[in-house]
Amino acid sequence: MSLPEWAPDGVDVTVPNAARVYDYGLGGYHNFAVDREFAEQLISAWPGILQVAHTNRAFLGRVVRWLAAQGVRQYLDIGSGIPTRGNVHEVVQAIDPQATVVYVDIDDVAVSHGQAILAGNARAVAIGGDLRHPARILGHERVRALIDLERPVAVLLVAVLHFLGDEDEPPRLVRELAAALAPGSYVAVSHFTAVDDLGLEHERITKLYDRTPTSVRTRTPQQVAEILGDLELVEPGIVPVTSWHPDPGEPVEDEQRSVLGAVARKPV
Ligand SMILES: C[S@@+](CC[C@H](N)C(=O)[O-])C[C@H]1O[C@@H](n2cnc3c(N)ncnc32)[C@H](O)[C@@H]1O
């Protein structure tokens with residue numbers, strides 16, 4: 001089978017992958033037949049999941065605009081995904097062309113496509129990295145070159161923590177990231193949660209994801225709070241993403257309660 005020119009060397013096209021499945025769900029084309037088939041299975045298990053993906057992406061955009069309004073000019077987007085519409089650098093560099101962004105993802109397609117679209121942008125880069133190893137990300141030469149850890153940084157962990165197991169100790173990972181940040185820095189998260197009264201087949205979704213290299217799990221608002229630890233939640237706290245500083249007229253559907261969002265600040 002011949003691969004498209006954007007496919008990085010060695011990419012495994014026999015196993016569905018979270019980054020490419022999400023790309024397909026958002027209408028992108030950096031995905032393979034195995035990802036599309038998998039996405040269609042997810043959609044038949046939970047038809048609302050496509051809307052949830054768009055809603056999560058809209059949350060990311062509102063968070064970044066809100067952070068930019070607080071004066072944040074440095075962004076470390078971990079689990080950034082395959083670039084699509086409304087990428088962080090597009091949002092923040094429209095506000096301040098000097099703003100810097102480092103995208104980090106474990107997936108080769110996400111990193112190579114990120115590098116391709118950022119060629120020529122001296123203030124944004126995409127690197128390979130694993131959230132389970134914060135010190136390696138923070139010590140990466142491209143991070144060091146673009147992000148001054150003495151000044152406030154926004155670390156974005158949007159729709160990525162639910163790919164980590166409890167054995168990965170997400171609270172410790174966020175603690176290690178936050179420890180390296182200047183006071184006044186922020187950590188933004190979104191996370192899949194079980195909303196039982198909606199009757200969603202969460203177990204079917206999580207079982208399906210077990211076929212990918214990154215299985216998925218739900219967490220409760222309390223568990224998300226534990227992940228954020230001593231960071232101070234900004235208003236309105238840990239809420240469904242559609243309730244986090246919604247834009248006027250933003251549609252709210254029940255399924256969208258299945259993703260929690262929050263922004264927390266390192267005290268000054
Ligand atoms: C659902 S996408 C979210 C993309 C983007 N943050 C957004 O919300 O639109 C999740 C991304 O997390 C990445 N990912 C999963 N586990 C990761 C890890 N341990 N370290 C870094 N990235 C990871 C996947 O490759 C995928 O691109």
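Just so you know, ligand 1 is whichever comes first in the structure, and atom 1 is the first atom listed for that ligand.
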Any heavy atom of Ala53 under 4.0 Å from ligand 1? The part involved is neither
How does Leu164 reach ligand 1, by side chain, by backbone, by both or by neither, if only non-hydrogen atoms under 4.0 Å count?
side chain
Distance from atom 24 (C) of ligand 1 to nearest protein heavy atom, with residue and atom:
Asp105 OD1, 3.5 Å
Under 4.0 Å between a side-chain nitrogen and a carboxylate oxygen: does that hold for Arg36 and Glu40?
no
Any side-chain heavy atom of Arg132 within less than 4.5 Å of one from Ile106?
yes
Counting C-beta onward and ignoring hydrogens, is there a side-chain heavy-atom pair between Val224 and Thr193 closer than 4.5 Å?
no
Is the closest N or O pair between Asp77 and ligand 1 shorter than 3.5 Å?
no
Identify which one of Val241, Val259, Thr242 satisfies the side-chain contact (heavy atoms from CB on, under 4.5 Å) criterion when paired with Val52.
Val259
Hey, mind stepping through Arg219 and Asp166 against salt bridge (charged side-chain N to carboxylate O under 4.0 Å, His left out) and telling me if it holds?
CA-CA 10 Å; Arg219 289 193 175 90; Asp166 292 342; 2.9 Å; yes
Begin with the C-alpha distance, continue with both residues' side-chain angles, and end with the deciding distance and a verdict on side chain to side chain donor-acceptor pair (under 3.5 Å) for Gln222 and Glu226.
CA-CA 6 Å; Gln222 177 59 34; Glu226 283 162 14; 3.3 Å; yes
Logged contact type for Ala110 with ligand 1, heavy-atom cut-off 4.0 Å, is neither
So which heavy atom in the protein is nearest atom 19 (N) of ligand 1, and how far is it from that ligand atom?
Asp130 OD1, 2.9 Å
Do you know which two heavy atoms are closest between Thr220 and Leu260, and how far apart they sit?
C-CD1, 4.1 Å
Heavy atom of the protein closest to atom 20 (N) of ligand 1 (residue, atom name, distance):
Leu131 N, 2.9 Å
Identify which of Pro83, Gly128, Gly79 has a heavy atom lying nearest to atom 4 (C) of ligand 1.
Gly79
Backbone or side chain, does any N or O of Ala159 fall under 3.5 Å from an N or O of ligand 1?
no
Should you measure from each heavy atom of Arg57, which atoms of ligand 1 turn up under 4.0 Å away?
5 (C), 7 (C), 9 (O)
re atom 7 (C) of ligand 1, the protein heavy-atom contact at minimum distance is Tyr22 OH, 3.3 Å
Could you tell me whether the side chains of Asn87 and Tyr103 share a donor-acceptor contact shorter than 3.5 Å?
no
Name the option, out of Asn87, Leu60, Ile106, that contains the heavy atom nearest to atom 17 (C) of ligand 1.
Ile106
Shortest non-hydrogen contact between Gly237 and Trp244, atoms and distance
O-CD1, 3.9 Å
Rounded distance [0.5 Å steps], NE2 in His140 versus CD1 in Ile127:
4.0 Å
Per-residue contact class, Asn56 against ligand 1 - non-hydrogen pairs under 4.0 Å
side chain
Using distance alone, determine whether Val158 and ligand 1 share an N or O pair under 3.5 Å.
yes
With a cutoff of 4.0 Å, is Gly129 in contact with ligand 1, counting heavy atoms of the residue only?
yes
